[in-house]
Amino acid sequence: GFTLFGGFNHIYANEPAIQGYSKGIFPEGSVLVFDILSAKESNGTIEESSRSVVDVMVKDSIKYADTHGWGFERFKGDSKTERVLDANLRQLCISCNVKQENFAFSIYRK
């Protein structure tokens, strides 16, 4: 919901993930990054503000066999090292994403 994902959302994908969007199956090595920024009002407009979290999904069927081939991680704010995805939140990621076709909520927009 809004508590986890409210604000501005940017999704980045590496080349294998881009192929996955077009073919409907994400190949090994696909990486999706979900960049979540808070919103602020300034001079009557809504603008991006500070980064809330960065979620990362990695497709590796061997390493993440117990989570349907996808690994999940969440980083706090602008940190590249401060991981904030505990076991409960990781399970929530898995249980929500498994309901989506190919595990991704996002679609490729040309």
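Note that this is a predicted model, so its numbers are computed, not measured.
In the hydrophobic clustering of this structure, L32 does not group with V58; members are Ile, Leu, Val, Met, Phe, Trp, Tyr whose side-chain heavy atoms approach within less than 4.5 Å, directly or through other members. By the criterion of side-chain heavy atoms lying less than 4.5 angstrom apart, applied directly or through intervening Ile, Leu, Val, Met, Phe, Trp or Tyr residues, I11 is grouped together with I36 in one hydrophobic cluster. Following chains of ILVMFWY side-chain contacts shorter than 4.5 Å, one can reach V53 starting from L85, so the two form part of one hydrophobic cluster.
Between V33 and V54 the shortest side-chain heavy-atom distance falls below 4.5 Å. The shortest side-chain heavy-atom distance between Y12 and F34 does not fall under the 4.5 Å cut-off.
Looking at residues two or more places apart in sequence or on another chain, you find a side-chain contact (heavy atoms from CB on, under 4.5 Å) between I25 and N102. Every residue meeting the side-chain contact (heavy atoms from CB on, under 4.5 Å) condition with D60, not counting sequence neighbours, appears here in chain and number order: E28, I62, K63, Y64. Applying the ring pair (Phe, Tyr, Trp, His ring centres under 6.0 Å) rule to F75 yields no partners; only residues at least two apart in sequence or on another chain are considered.
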Next on the checklist: Run H10 and R51 through side-chain contact (heavy atoms from CB on, under 4.5 Å) and show every step you take.
Outcome noted: CA-CA 11 Å; H10 301 280; R51 177 168 283 113; over 6 Å; no

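In terms of heavy atoms, E47 sits closest to S42 at OE1-CB, 3.5 Å. Nearest heavy-atom pair, K59 versus S61, reported as atom, atom and distance to 0.1 Å: CE-OG, 3.6 Å. Taking every heavy atom of both residues into account, L37 and S49 meet most closely at CD2-O, 3.6 Å. In plain terms, the two heavy atoms of S38 and F8 that are nearest each other are O-CD1, 4.1 Å. Closest of all the heavy-atom pairs between I18 and A13 is CD1-CB, 3.8 Å.
Looking at R90 and E73, a side-chain N of the basic residue comes within less than 4.0 Å of a carboxylate O on the acidic one, giving a salt bridge.
With values rounded to the nearest 0.5 angstrom, K76 atom NZ is found 9.0 Å from S79 atom OG.
The main-chain N or O of G69 is never found under 3.5 Å from a side-chain atom of T67 such that the two would form a donor-acceptor pair. A donor-acceptor contact shorter than 3.5 Å links the side chain of N9 to the backbone of G7. Remark: side-chain polar atoms of N14 are not paired, donor with acceptor, to backbone N or O of S30 under 3.5 angstrom.
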